[in-house]
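In this chain, numbering begins with 1 at the start of the sequence shown. Note that the coordinates shown come from a computational prediction; the quantities given were computed from them, not determined experimentally.
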Amino acid sequence: MSISGQREPEAGPRGSSGAGFAQVSVAAADIVTADVLATAIVAGGTAMLHRATDGWEIDVLAVRRNGELLATPGFRA
């Protein structure tokens, strides 16, 4: 199961440098886990991305606001 989380640029933290995520897709065993983690990663940034991938068996494709892509092995295949 895969789900995406997205935040509009104006919803980011005030004073944000734009280094956060514009879009995150999470593949997880169930839709609730995928939804919660995608939303948490968009809101929590890189620290939450690492926490989520360390704590759950998931794959993540994340797009930074500057266009940089980050992907776990399941999304690189």
Side-chain angles (χ1 to χ4, degrees):
M1 186 67 50
S2 178
I3 196 157
S4 296
Q6 189 168 350
R7 175 182 281 180
E8 295 301 319
E10 65 272 13
R14 289 189 179 143
S16 172
S17 65
F21 297 115
Q23 197 275 331
V24 175
S25 294
V26 174
D30 63 89
I31 194 165
V32 173
T33 300
D35 182 36
V36 168
L37 291 176
T39 302
I41 293 167
V42 169
T46 303
M48 187 60 210
L49 171 67
H50 293 300
R51 185 174 176 188
T53 55
D54 288 344
W56 287 268
E57 291 186 28
I58 60 171
D59 280 300
V60 178
L61 174 63
V63 182
R64 291 195 187 275
R65 290 188 187 131
N66 66 6
E68 178 185 10
L69 298 176
L70 303 174
T72 58
F75 272 103
R76 293 183 202 144

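Side-chain contact check for Val60 versus Val24: some heavy-atom pair is nearer than 4.5 Å. Leu37 has its side chain within reach of Met48: a pair of non-hydrogen atoms, C-beta onward, lies under 4.5 Å apart.
Between Ala28 and Ile58, the shortest heavy-atom distance links the atoms CB-CG2, 3.8 Å. Across every non-hydrogen atom of Phe21 and Gly45, the tightest pair is CE1-C, 3.4 Å.
Between Phe75 atom CZ and Leu70 atom CG the span is 12.5 Å, to the nearest 0.5 Å. To the nearest 0.5 angstrom, Thr33 atom OG1 is 11.0 Å from Glu57 atom CD. Between Ser25 atom OG and Ile41 atom CD1 the span is 10.0 Å, to the nearest 0.5 Å.
For residues 46-55, no residue pair satisfies the salt bridge (Lys or Arg N to Asp or Glu O under 4.0 Å) rule, not counting sequence neighbours.
The side chain to side chain contact (heavy atoms under 4.5 Å, CB included) test with Thr72 singles out one residue from Leu49, Thr53, Val26, and that residue is Thr53.
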